[in-house]
Amino acid sequence: MALIEIKNLHAEVGGKPILKGIDLSIESGEVHAIMGPNGSGKSTLSYVLAGREGYEVTEGSVTFDGADLLEMDADERAVAGIFLAFQYPVELPGVTGMTFLKEAVNARRKAAGEGEIDAMQFLKMVRAKAKALGVTDEMLKRAVNVGFSGGEKKRNEILQMSVLEPKLCVLDETDSGLDIDALKVVSEGVNALRSQGRSMLVITHYQRLLEHIRPDRIHVLAQGKIQKTGGPELAHELEASGYADFAEAAA
Amino acid sequence: MVATADTVRQVEDVTGKEYKYGFSTVLEMDMAPKGLNTDIIRFISAKKEEPEWLLEWRLKAYEQWLTMQDPDWAKVGYPPIDYQDLYYYAAPKNMDDGPKSLDEVDPELLRTYEKLGIPLKEQEILAGVVAVDAVFDSVSVATTYKKELHKHGIVFCSISEAVKDYPDLVRRYLGSVVPFADNYFACLNSAVFTDGSFVYIPKGVRCPMELSTYFRINAQNTGQFERTLIIAEEGSYVSYLEGCTAPQRDENQLHAAVVELVAMDDAEIKYSTVQDWYPGDENGKGGIYNFVTKRGVCRGKRSKISWTQVETGSAITWKYPSCILQGDDSVGEFYSVAITNNAQQADTGTKMIHIGKNTRSTIISKGISAGKADQTYRGLVRIGKRADGARNFTQCDSLLIGDKCGAHTVPYIESKNPTARLEHEATTSKISDDQMFYCQQRGLSAEDAVGLIVNGFCKEVMRELPMEFAVEAQKLIGISLEGSVG
Amino acid sequence: MTNDHSNPLMQVSPATPGWLKPLRTAAAARYGQLGLPKLRTEAWKFTNLKVLETLAVKPASSGEAHPDLPAALAELDACRILIVDGKVVDHGTLPDGVEAAGLDADAPDWVRETVGTIASIENHPFTALNTAQFDGGIALRVARGKSVETPIHLVHLSTAGATDEAEISHPRVLVIVEDGAILDLVESHQGTGAYIRNTVTEVSVGADAKLGHYKLQADSREAFHVAMTAVTTKGKSSYDNFALSTGSRLARNEVRGHLGGQHIDYHVNGAYMATGDQHLDTSTFIDHAEPNCTSHELYKGVLLENGHGVFQGKILVRPDAQKTDGYQMNRALLLSPTAEINSKPELEIYADDVKCSHGATVGELEDDQLFYLLARGVPRDRARAILVAAYVDEAIDTIDREPVREAFRAVASEWMTHHVAAVG
């Protein structure tokens with residue numbers, strides 16, 4: 001059974017239809033990429049999956065790990081194993097990275113009927129993972145994303161992903177605003193998290209991220225629909241021809 | 001946007017907050033008849049076996065009070081208080097002669113404090129970290145760790161005991177910082193105060209543990225008028241914490257306390273408050289009227305007084321903990337978190353009066369308003385002519401949760417000295433939908449997300465709290481905002 | 001003439017046209033109830049008017065008047081209207097698109113309908129007094145869609161002689177800028193001798209309209225200056241107010257703005273510079289009633305000798321006024337041991353999705369800046385004057401209209417040379 005099964009998904013924002021019938025299913029352990037021009041509905045899809053308020057599903061279904069995802073609140077989806085790496089990570093003044101991670105982990109433990117995590121053990125674990133991603137202790141002590149550079153914010157997102165061990169990672173334009181070195185660090189972090197029990201949905205406008213994170217399947221999203229699906233080679237095709245064909249095809 | 005409305009609704013859903021300390025205790029009470037007159041004042045004074053001068057002081061205050069009027073400048077509204085419809089003295093009956101030891105304390109009363117999480121049996125208190133004075137309605141019921149403190153020459157007892165055992169100290173300092181005619185509620189307190197804590201730290205002594213008072217209003221229709229006096233002699237240090245709770249009752253209850261602090265040369269007093277009086281229900285029924293005068297004077301050079309408060313309770317709060325910076329190089333600080341939810345109203349802030357040279361003050365105020373609540377920061381920074389080199393920094397931040405509440409900032413900034421520097425900054429903001437979604441996407445419930453974000457907002461103040469109480473205060477913030485956001 | 005102590009400052013009422021009678025009667029009654037503000041009146045907490053209670057006053061007798069404008073302002077290309085003790089003496093040819101009318105028996109409907117509707121007599125005794133007593137006055141209207149290039153300059157003068165009695169006058173001005181119209185309005189206030197000038201200016205800015213409103217208060221050092229500027233603005237309009245106060249013995253400059261539409265850009269800025277025993281009070285109120293508006297307020301104060309500055313600013317954001325962007329700042333320099341400042345910047349906010357901040361600072365000149373100039377050979381007097389001018393410049397820079405900005409800068413600079421450099 002697929003980890004996530006999206007069927008005929010329609011969604012609108014502020015009364016405006018954005019997604020117009022998405023069908024997509026991702027097996028456990030697979031990495032899929034969604035590419036598409038600006039305004040095609042890429043970010044909307046990530047928000048709909050994560051359960052952001054204001055993103056109204058009007059038709060279709062999403063089954064995640066055997067459960068009806070659309071019935072769940074945003075935090076329930078997160079606890080169930082969906083992780084969204086934000087395109088624009090949000091600042092939380094006064095809330096340190098460590099506190100934030102602990103709250104998030106304990107929310108999961110609570111749902112599983114477990115007690116709060118041991119603080120010392122947790123600290124050790126986070127530090128080890130942070131080190132691998134080049135996230136310094138000082139960053140963990142600072143307020144989440146406050147005063148972080150673009151690269152720091154993205155590394156911090158991947159760190160959270162690594163600590164929270166989700167089943168499905170949705171990476172929303174994770175490459176945006178990153179220089180080539182930062183892109184490498186982030187991609188390596190993501191690749192290290194690839195495993196049999198974890199799927200990924202990588203959303204991007206450009207092919208360059210997919211050079212580093214090699215997907216199993218690529219879908220082209222335009223006009224609120226998946227227009228084409230193929231293997232990794234599809235990225236190169238798009239790089240050469242652009243999205244113009246799909247815009248026309250849909251129109 | 002839709003999300004905002006949803007967020008607000010979520011907060012509202014959560015607001016069915018249950019007041020944790022809403023139980024009341026059935027005890028046989030010794031009460032004076034309702035109403036306020038010179039007989040009642042004589043009765044209180046006689047009960048406490050007070051010296052003649054104190055009775056006279058009370059009567060003078062009463063006479064003055066009769067000529068005064070309720071202050072009307074604060075941004076709070078409440079129906080007129082019928083001062084004749086209150087009890088001014090209520091004490092658990094078998095405490096009438098004062099307990100000689102904890103064994104004499106009514107076990108029911110001890111259980112009350114246990115429910116509040118304040119064990120009065122010394123061996124149960126964290127090994128030597130905190131000494132507690134517990135005030136139940138009109139009397140102090142127990143003070144712990146007296147002997148241990150006595151070894152250092154520290155006096156920590158109820159003010160009634162202090163009147164008997166240290167009459168000279170009390171006479172010298174009572175009313176020296178807040179004169180009885182200072183304001184309407186302080187004047188009323190001066191006439192009818194029943195108990196409170198007294199602390200004396202001798203020269204050069206650093207108090208080895210936190211001193212703590214827990215105030216509890218239990219009896220119905222009873223006003224609580226406690227009086228606290230802390231004197232820190234030259235070079236001494238004390239950290240003092242007060243906590244407050246009251247049972248859940250439909251009627252409003254009046255709490256009009258006075259706190260006076262005196263810091264001599266190089267002395268430091270750190271005064272922290274976690275105020276969680278019953279705030280009334282979500283429609284504004286019941287709750288405590290918290291009309292409190294708190295003032296400290298930095299009498300000595302290089303002395304320091306620091307007020308830290310976490311105010312989450314009370315139906316109405318009217319309180320401005322202040323510092324008179326008289327000694328050269330003295331320092332005043334005010335760190336405040338005030339949360340108002342549902343129908344709560346708070347008009348709170350501070351006064352920093354700079355008199356001495358090179359005096360410094362810092363004001364950090366974080367106000368959070370949710371539900372239909374109204375909150376005002378009202379502060380005064382005054383630089384006198386002689387206060388060369390005085391410095392003040394003020395930061396007031398308000399956070400609004402929902403669109404039915406209000407947040408107001410009313411600073412008064414007055415300077416008569418050209419070498420003084422004053423800075424005041426204030427901002428108003430809200431919890432953004434982005435922040436809520438980000439936290440929820442990481443698995444936090446709406447309530448936990450609000451608690452986390454608000455705690456972050458309050459961080460600069462929370463880190464000023466003594467360690468032992470920081471965790472408690474953090475949880476309190478979460479609880480107070482339950483039902484406020486989503 | 002003797003004073004009526006139950007109604008201080010009240011004189012025999014001037015002739016009243018029929019249309020004005022009900023308003024005047026109400027205003028007189030209201031003033032009778034309010035009386036002069038006391039210190040315990042919160043809005044007047046820092047400005048003591050006790051001296052006015054016993055001051056002997058008489059109505060102004062308009063004598064010969066010759067404006068003696070600061071050179072920079074005299075050079076400004078403008079249509080000047082000379083108003084002596086509240087009465088219009090002379091106005092040149094009005095620019096195309098602007099019409100003027102008196103507030104008298106001949107007043108047209110647009111005047112009758114508007115006078116007294118913007119400046120309320122309810123809570124402000126001086127507005128009530130003005131409304132009860134104004135004699136003369138002027139109304140100006142810019143027709144819909146008209147963009148008026150030449151600024152209009154209202155030259156307020158008072159000519160009290162050297163007598164024991166202060167002459168009192170109540171200038172009344174109404175300015176209506178209709179939808180889509182554009183105007184720059186300059187006011188200057190000057191005079192000689194002891195007088196009380198109690199001005200009320202009502203301003204209405206229409207939708208998509210734009211008004212620049214720039215005031216110089218350089219009244220006589222024996223004068224009392226009380227001014228209420230009440231402004232109402234409609235959607236997508238812009239209002240740019242600046243007040244430079246250097247004159248009078250005691251002045252209260254009050255600007256109250258009602259933002260009654262969306263996407264309004266509202267500015268109220270200024271500078272006050274006091275010396276001697278001057279008391280200069282600036283009080284502003286900004287009422288955000290609708291969403292998506294921006295208000296910006298910056299006041300700079302310079303206080304010398306026994307100069308006393310007062311700043312009271314209040315921003316009200318009503319429940320509907322979401323997405324309000326409000327900024328308010330008062331900075332004061334105290335340059336003498338006996339100077340004094342009272343500052344009360346106030347926010348009252350009932351909408352949650354707003355960006356509002358305010359601030360206040362009080363201090364003296366930065367030592368290192370002063371030293372830097374001295375180290376470059378600038379004499380101390382000049383160095384101070386330069387630094388103070390730069391300090392005030394930040395406020396003057398907010399004036400939208402360039403020639404007016406430069407004229408005001410020159411006036412401020414002149415003041416620096418006279419007062420700051422001289423102080424040493």
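Sequence lines set the chain letters: A, B, ... in the order given, protein chains first and strands last, and positions in each chain run from 1.
- Using a 4.5 Å cut-off between heavy atoms, A360(C) contacts chain B through both its backbone and its side chain.
- When the candidates I349(C), V354(C), T361(C) are compared by the number of heavy-atom contacts under 4.5 Å with chain B, I349(C) comes out ahead.
- Under 4.0 Å is where a charged nitrogen must lie from a carboxylate oxygen, and between R252(C) and D281(C) at least one such pair does.
- Taking 4.0 Å as the cut-off between side-chain N and carboxylate O, D347(B) and K75(B) do not count as a salt-bridged pair.
- Using a cutoff of 4.0 Å between basic side-chain nitrogens and carboxylate oxygens, D287(C) and R318(C) are scored as salt-bridged.
- Taking the six-membered ring for Trp, W44(C) and F126(C) have ring centres closer than 6.0 Å.
- Looking at E348(C), the atoms closer than 4.5 Å to chain B (heavy atoms on both sides) sit in the backbone and in the side chain alike.
- Of the residues considered (S343(C), P337(C), G326(C)), S343(C) shows the highest number of contacts with chain B, using heavy-atom pairs under 4.5 Å.
- The side-chain heavy atoms of L380(B) and I353(B), taken from C-beta on, include a pair separated by under 4.5 Å.
- Taking the ring axis of Y272(C) as reference, the NZ or CZ atom of K300(C) does not stay both within 45° of it and closer than 6.0 Å to the ring centre.
- The most heavy-atom pairs under 4.5 Å with chain C, out of G406(B), S398(B), S432(B), come from G406(B).
- Heavy atoms of A426(B) lying under 4.5 Å from chain C belong to its backbone as well as its side chain.
- Most heavy-atom pairs under 4.5 Å with chain B, from the set H308(C), Q328(C), E366(C), Q322(C): that is E366(C).
- Contact of D374(B) with chain C is made through the side chain alone, with heavy-atom distances under 4.5 Å.
- Taking the six-membered ring for Trp and thresholds of 30 and 60 degrees, W318(B) and F185(B) have ring planes more than 60 degrees apart, a perpendicular arrangement.
- With a threshold of 4.5 angstrom between heavy atoms, Q312(C) does not approach chain B through any atom at all.
- Residue contact with chain B, scored on non-hydrogen atoms closer than 4.5 Å, involves the backbone of L365(C) exclusively.
- Neither the backbone nor the side chain of K314(C) comes within contact range of chain B; no heavy atom of the residue lies under 4.5 Å from a heavy atom of that chain.
- Note on ring orientation: taking the six-membered ring where Trp is involved, the planes of F46(C) and Y412(B) are perpendicular (angle over 60°, cut-offs 30° and 60°).
- Of the listed residues S336(C), P319(C), A351(C), the one with more heavy-atom pairs under 4.5 angstrom with chain B than any other is S336(C).
- R30(C) CZ: more than 12 foreign heavy atoms inside a 6.0 Å radius.
- Residues R421(B) and E423(B) are not paired through a salt bridge, judged by the lack of any N-O separation under 4.0 Å between the basic side chain and the carboxylate.
- Top candidate by heavy-atom pairs under 4.5 Å with chain C, chosen from P411(B), S369(B), C405(B), is P411(B).
- Residue F311(C): no heavy atom, backbone or side chain, is found under 4.5 Å from chain B.
- Ranked by heavy-atom pairs under 4.5 Å with chain B, the list C356(C), G359(C), G363(C) is led by C356(C).
- For the set N417(B), L400(B), T376(B), the entry with the most heavy-atom pairs within less than 4.5 Å of chain C is L400(B).
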